[in-house]
2 protein chains.
Amino acid sequence: MTASDTRERLLDAAERQFSERGYDGASLREITQAAEANLAAVSYHFGSKEDLFVAVVARRVQPINLERLRLLDQAEARAGERPLEVEAIVEAMIAPVLRSGADGPCVLRMVGRANSESAAPTRRVVEGPMREIRARVRRALRRALPHLNERELSYRMHFTMGVVKSVASDQHLLHAISDGQCDPQDLDGTIAQLVPFLAAGMRAPSVERKRRASARSRRS
Amino acid sequence: MTASDTRERLLDAAERQFSERGYDGASLREITQAAEANLAAVSYHFGSKEDLFVAVVARRVQPINLERLRLLDQAEARAGERPLEVEAIVEAMIAPVLRSGADGPCVLRMVGRANSESAAPTRRVVEGPMREIRARVRRALRRALPHLNERELSYRMHFTMGVVKSVASDQHLLHAISDGQCDPQDLDGTIAQLVPFLAAGMRAPSVERKRRASARSRRS
DNA sequence: CAAAGAATCGAACGTATGTTTGAAACGAAC
DNA sequence: GTTCGTTTCAAACATACGTTCGATTCTTTG
């Protein structure tokens with residue numbers, strides 16, 4: 001029994017509880033009980049409930065972002081000097097996140113929740129590593145979609161990250177609204193549907209000029 | 001002072017607290033204090049914390065769905081016998097929700113949170129009225145996008161509802177990732193960007209045939 | 001084997017929560 | 001002006017929470 005045995009069990013149990021009941025809703029008593037550990041073990045191994053949560057999230061976030069960078073590298077190697085395929089960029093953004101929920105509860109449910117509960121601890125773990133990904137994705141998208149300006153790039157990246165977050169969080173909804181035709185467990189199926197959807201949205205014509213004109217006419 | 005004066009103040013204060021701190025995070029003591037009401041007023045007027053939350057959500061959900069139906073009616077009147085414009089359908093789905101956050105905290109933040117905290121109370125208020133909207137939207141989309149099968153319709157509707165939920169919940173993120181270029185308060189601006197994005201996604205070619213083929217080849 | 005450090009344990013502490021209670025204040029109707 | 005139903009109020013209740021403590025057990029090291 002190594003030094004990190006119950007520590008790992010605590011992380012697993014906490015991840016399940018946090019993703020099912022949220023940060024506030026999950027209690028250390030249930031977590032430690034599910035992990036077959038003592039209540040005080042949380043304080044001993046992590047310091048506090050908040051630090052436990054940060055550890056749970058961090059454990060999942062790093063592999064996801066590494067996989068994203070790997071997919072981007074791979075796509076760039078395939079593309080050579082040409083701009084990346086929009087589909088490849090989108091897939092690099094979303095697939096690692098969705099797939100991370102395959103073997104257990106999804107990270108994004110926790111993060112999304114805690115994002116508006118207690119912003120500070122979550123953002124420390126999530127936002128930091130995310131900066132690099134975003135910069136890299138933006139650069140690739142800028143080349144692949146030269147018709148978009150920076151503002152539109154921001155919007156569309158925001159939409160993309162948004163849909164993956166909500167799709168990962170509300171998997172049960174998909175099963176409900178499709179009368180069972182869509183299987184939320186079939187992550188590859190979801191990805192196969194989501195990538196073309198988002199890529200088409202990304203390729204949509206710029207709306208800037210049209211909007212400025214209509215705003216001007218509305219003002220007068 | 002009519003019978004529903006402090007009742008209304010309680011709803012307002014509760015809405016603010018619920019959307020900022022979540023269902024578990026919001027305390028009745030802070031809510032009643034902000035509403036300048038007594039702690040017991042919640043039990044008296046609503047029965048319990050959960051019933052208060054349901055009342056808060058219900059108050060916002062109904063106008064949103066009425067506005068959605070109104071926009072659909074209006075679009076159908078304009079289209080006559082022809083299929084609706086995809087843009088009009090998408091806008092009817094998303095605009096009322098986004099605009100509902102204009103004068104105060106957004107409903108979706110509460111709903112999205114509570115969706116995974118305690119599913120039962122939320123779904124009772126949200127899912128019920130949503131059925132009608134979804135059926136109507138699906139019918140309109142089916143006509144406007146005959147190249148999609150039912151499964152793909154479900155996926156793309158799910159994606160659409162997902163992006164609006166997350167965009168409404170994480171407005172602050174948009175400001176952050178765009179270096180201030182996008183103003184989350186500018187709801188019409190967000191809608192103007194989001195509608196073409198989603199409409200293009202909706203119009204993306206069907207992926208069913210391609211996917212079946214690739215799955216078959218992967219299996220062998 | 002003995003000593004020291006790491007890890008676990010049961011139990012308690014202080015606090016905050018949602019809910020309940022019974023009395024007081026209020027408002028309208030007779 | 002009194003009465004009756006509605007609404008407000010201060011106070012208490014029971015419970016659940018995160019955290020801390022000292023003792024105990026286990027594991028490693030000399």
Side-chain angles (χ1 to χ4, degrees), chain A residues 1-58 110 113-114 116-122 124-125, chain B residues 1-58 110 113-114 116-122 124-125:
Chain A
M1 180 184 288
T2 145
S4 55
D5 186 21
T6 70
R7 201 188 127 97
E8 214 68 28
R9 283 203 318 275
L10 279 176
L11 284 174
D12 291 337
E15 178 173 275
R16 210 169 310 123
Q17 289 289 329
F18 280 139
S19 70
E20 280 177 12
R21 313 202 180 190
Y23 180 81
D24 290 324
S27 85
L28 293 187
R29 282 173 171 81
E30 288 200 52
I31 290 175
T32 51
Q33 195 171 338
E36 300 183 66
N38 189 275
L39 174 59
V42 171
S43 273
Y44 179 77
H45 283 286
F46 300 96
S48 68
K49 182 184 184 181
E50 186 171 300
D51 289 326
L52 169 62
F53 179 79
V54 168
V56 166
V57 174
M110 297 185 294
R113 172 91 49 81
S116 37
E117 269 175 359
S118 45
T122 310
R124 176 156 46 99
V125 204
Chain B
M1 179 184 288
T2 143
S4 55
D5 187 19
T6 67
R7 200 188 128 96
E8 214 67 28
R9 284 205 317 277
L10 279 175
L11 284 174
D12 291 337
E15 177 172 276
R16 209 169 308 124
Q17 289 289 330
F18 280 139
S19 70
E20 282 176 10
R21 313 202 179 189
Y23 179 80
D24 290 325
S27 85
L28 293 187
R29 281 171 170 81
E30 289 199 54
I31 290 174
T32 51
Q33 196 170 338
E36 300 184 68
N38 188 274
L39 174 60
V42 171
S43 274
Y44 178 77
H45 283 286
F46 300 95
S48 68
K49 182 185 184 181
E50 187 171 300
D51 290 326
L52 169 63
F53 178 80
V54 168
V56 166
V57 174
M110 297 184 294
R113 173 90 50 80
S116 37
E117 269 175 0
S118 45
T122 310
R124 177 155 46 99
V125 204

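Please read these numbers as outputs of a predicted model, since none were measured by experiment. Here is the naming used below: chain letters follow the sequence lines, and residue numbers restart at 1 for every chain.
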Checklist outcome for this item: Interatomic distance, CD@A:Glu8 vs NE2@A:His45, rounded to 0.5 Å, equals 10.5 Å

Item to check | Protein-nucleotide distance (A:Arg7, atom CZ; C:dT8, atom P), rounded to Å | outcome: 11 Å

Item to check | Residue-phosphate contact under 4.0 Å: B:His45 side-chain N/O, D:dT8 OP1/OP2 | outcome: yes

Checklist outcome for this item: Closest to the side chain of A:Arg29, out of C:dT17, D:dT7, C:dA12, is C:dA12

Next on the checklist: How many whole angstroms separate atom CG of B:Leu10 from atom C1' of D:dT7?
Outcome noted: 12 Å

Next on the checklist: Closer than 4.0 angstrom, basic N to acidic O: yes or no for B:Arg9 and B:Asp5?
Outcome noted: yes

Checklist entry - Once you round it to whole Å, what is the distance between P of D:dC26 and OH of A:Tyr44? => result 15 Å

Checklist entry - Between C:dG18 atom P and B:Lys49 atom NZ, what is the distance in whole Å? => result 4 Å

Next on the checklist: Looking at C:dA7, I'd like to know if its phosphate oxygens (OP1 or OP2) sit under 4.0 Å from a side-chain N or O belonging to A:Thr6.
Outcome noted: no

Checklist outcome for this item: From CG of A:Leu28 across to P of D:dG18 the rounded distance in Å is 4 Å

Checklist entry - Expressed in angstrom and rounded to an integer, what is the separation of B:Asp24 atom CG from C:dA16 atom C1'? => result 13 Å

Checklist entry - Which part of the nucleic acid, if any, lies within reach of B:Ala40 when heavy atoms closer than 4.0 Å are counted: base, sugar-phosphate only, or nothing? => result base

Next on the checklist: Keeping B:Lys49 on the side-chain end and B:Val42 on the backbone end, is there a donor-acceptor pair under 3.5 Å?
Outcome noted: no

Checklist entry - Using a cut-off of 4.0 Å on non-hydrogen atoms, how would the nucleic acid contact of B:Ser43 be classed: base, sugar-phosphate, or nothing? => result base

Next on the checklist: Output the rounded distance in Å from CD (B:Gln33) to P (C:dA16).
Outcome noted: 13 Å

Next on the checklist: Is B:Asn38 close enough to D:dA10 that one of its side-chain N or O atoms is under 4.0 Å from OP1 or OP2 there?
Outcome noted: yes

Checklist entry - Where the side chain of A:Ser27 is concerned, which of C:dG18, D:dC17, C:dA7 is the nearest nucleotide? => result D:dC17

Next on the checklist: Tell me the interatomic distance from B:Phe46, atom CZ, to C:dT20, atom P, rounded to whole angstroms.
Outcome noted: 16 Å

Next on the checklist: Both A:Gly47 and B:Leu39 contact DNA chain D. Which one's nearest nucleotide lies toward the 5' end?
Outcome noted: B:Leu39

Checklist outcome for this item: The residue among B:Asp24, B:Val57, B:Leu52 that forms side-chain contact (heavy atoms from CB on, under 4.5 Å) with B:Phe18 is B:Leu52

Checklist entry - When rounded to the nearest 0.5 angstrom, what is the spacing between CD in B:Gln17 and OH in B:Tyr23? => result 14.0 Å

